[in-house]
Amino acid sequence: MAAASGSVLQRCIVSPTGRHSASLIFLHGSGDSGQRLRMWIKQVLNQDLTFQHIKIIYPTAPPRFKISNDCPEHLESIDVMCQVLTDLIAEEVKSGIKKNRILIGGFSMGGCMAMHLAYRNHQDVAGVFALSSFLNKASAVYQALQKNNDVLPELFQCHGTADELVLHSWAEETNAMLKSLGVTTKFHSFPDVYHELSKPELDKLKLWILTKLPREMEKQQ
């Protein structure tokens, strides 16, 4: 396996408050960690992001490369990370969670990683979300989708109009490109929001997560 050398992926977990029937993998941005992303979300919401039935996993990835719309993707490091995350998905499936009850998403570089993971390797997950993220112009994701005829997971995208690191126009371009390749998308712009998480965005995300991963009726009798 091409997993990062000797890596058991470090992760921070928020357990569901009730019976676990779905999982959410939330990937951090460049130079961050799973633990810090969780704390950031907690700060913005004044509480942990939690669900009754969904386990949230915040993995910590190794440092990544620079952000630019037209510089080539560093596919080698992306693919190593995809393999490590594939192992994480396999763990969830082994524990009894169906693939179509797993959501993948992230902030900034984490959202980019989530799109690679879902649209190139795991097209049977419940959905993908990308916050303040983009794919570059010649992304391997676009190439993979050109050869695809299957139903694809829906993409939920949020972006601040004042983002100076990942431009709003890059996100719009990514959205339009994915749409043209058969992805159903939802795109929300947030006026005056920079390269950051905001409460209105996280509130919208939470609602979307619940439409993609509703609670299963308790299987009794």
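Of the charged side-chain nitrogens involved, at least one lies within less than 4.0 Å of a carboxylate oxygen, so that Lys137 and Glu173 count as a salt-bridged pair.
Taking 4.5 Å as the limit, every side-chain heavy atom of Ile54 sits out of range of all side-chain heavy atoms of Pro16. Counting heavy atoms from C-beta on, the side chains of Asn136 and Ser139 come closer than 4.5 Å. Contact of the Ser198 side chain with the Val44 side chain is not registered, since no non-hydrogen atoms from C-beta on lie closer than 4.5 Å. Considering only heavy atoms from C-beta on, Glu196 stays 4.5 Å or farther from Glu201 through its side chain. Taking 4.5 Å as the limit, some side-chain heavy atom of Leu152 sits within range of a side-chain heavy atom of Leu145. Counting only heavy atoms from C-beta outward, the side chains of Leu197 and Leu37 approach each other to under 4.5 Å. The shortest side-chain heavy-atom distance between Ile78 and Leu117 does not fall under the 4.5 Å cut-off.
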After noting the C-alpha distance and the side-chain angles of Met115 and Thr174, does the key distance pass the side-chain contact (heavy atoms from CB on, under 4.5 Å) rule?
CA-CA 10 Å; Met115 291 186 275; Thr174 298; 4.2 Å; yes

How far apart are the C-alpha atoms of Ile56 and Asp48, what are their side-chain angles, what is the distance that settles it, and do they pass the side-chain contact (heavy atoms from CB on, under 4.5 Å) test?
CA-CA 10 Å; Ile56 305 178; Asp48 251 325; over 6 Å; no

Step by step, would you call Leu181 with Tyr119 a side-chain contact (heavy atoms from CB on, under 4.5 Å)?
CA-CA 11 Å; Leu181 291 165; Tyr119 295 122; over 6 Å; no

Verify side-chain contact (heavy atoms from CB on, under 4.5 Å) between Arg11 and Thr60, making sure each step is shown before the conclusion.
CA-CA 6 Å; Arg11 67 200 74 166; Thr60 292; over 6 Å; no

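When hydrophobic clusters are built by joining Ile, Leu, Val, Met, Phe, Trp and Tyr residues whose side-chain heavy atoms come closer than 4.5 Å, directly or via intermediates, Leu88 is grouped together with Ile13. Both Leu135 and Leu155 belong to a single network of hydrophobic side chains, linked directly or stepwise wherever heavy atoms of I, L, V, M, F, W or Y lie under 4.5 Å apart. Under a hydrophobic-cluster definition in which Ile, Leu, Val, Met, Phe, Trp and Tyr are linked whenever side-chain heavy atoms come within less than 4.5 Å, directly or via other members, Val128 and Trp170 are assigned to different clusters. Residues Leu27 and Val84 are members of one and the same hydrophobic cluster, defined by side-chain heavy-atom contacts under 4.5 angstrom among Ile, Leu, Val, Met, Phe, Trp and Tyr. In the hydrophobic clustering of this structure, Tyr58 groups with Leu205; members are Ile, Leu, Val, Met, Phe, Trp, Tyr whose side-chain heavy atoms approach within less than 4.5 Å, directly or through other members.
No side-chain donor from either of Gln83 and Asp79 sits under 3.5 Å from a side-chain acceptor of the other. Side chain to side chain, His28 and Ser33 fail the donor-acceptor criterion of an N or O pair below 3.5 Å.
Of the options Phe187, Phe107, Phe26, a ring pair (Phe, Tyr, Trp, His ring centres under 6.0 Å) to Phe129 is made by Phe26 and by none of the others. Evaluated for a side chain to side chain donor-acceptor pair (under 3.5 Å) with Ser21, the options Arg215, Arg101, Lys55, Lys98 yield exactly one hit, Arg101. Each of Gln157, His159, Lys186 was compared with Asn175 under the side chain to side chain donor-acceptor pair (under 3.5 Å) criterion, and only Gln157 meets it.
Distance CG/Leu103 to CG/Leu213: 4.0 Å, rounded to 0.5 Å. Note that the CD1 atom of Ile57 and the CZ atom of Arg38 stand 13.0 Å from one another [nearest 0.5 Å]. One distance of note links OG1 of Thr185 with CG of Leu178; it measures 8.0 Å at 0.5 Å rounding. Going from atom OG of Ser189 over to atom CG of Asp163 covers 11.5 Å, rounded to the nearest 0.5 Å. Taking CD1 of Ile89 as the reference point, atom CD1 of Ile104 lies at 4.0 Å (rounded to 0.5 Å). Summarising the geometry, atom CD1 belonging to Ile102 is positioned 9.0 Å from atom NE2 belonging to His122; distances are rounded to the nearest 0.5 Å.
When all heavy atoms of Gly29 and Ser108 are compared, the closest pair comes out as CA-CB, 4.2 Å. What you find for Thr17 and Gln52 is that their closest heavy atoms are OG1-CA, 3.1 Å. Between Ser30 and Met109, the closest heavy-atom pair is N-CB, 3.8 Å. Residue Ala140 comes nearest to Leu75 through the heavy atom pair CB-CD2, 3.9 Å, listed as atom of the first residue, atom of the second, then distance. Nearest heavy atoms, Gly34 versus Cys12: C-CB, 4.3 Å. Nearest heavy-atom pair across Ser133 and Val166 is C-CG1, 4.1 Å.
Heavy-atom neighbours of Glu76 CD from other residues, nucleotides or ligands within 6.0 Å: at or below the threshold of 12.
By the ring pair (Phe, Tyr, Trp, His ring centres under 6.0 Å) test, His116 pairs with no residue at all, sequence neighbours left out. Checked against ring pair (Phe, Tyr, Trp, His ring centres under 6.0 Å), Phe156 has the following partners two or more places apart in sequence or in another chain: His188, Trp208.
Here the side chain of Glu216 pairs no donor or acceptor atom with the backbone of Ala22 at under 3.5 angstrom.
Grouping Ile, Leu, Val, Met, Phe, Trp and Tyr residues whose side-chain heavy atoms lie under 4.5 Å apart, directly or via other members, places Val193 in a hydrophobic cluster with Phe190.
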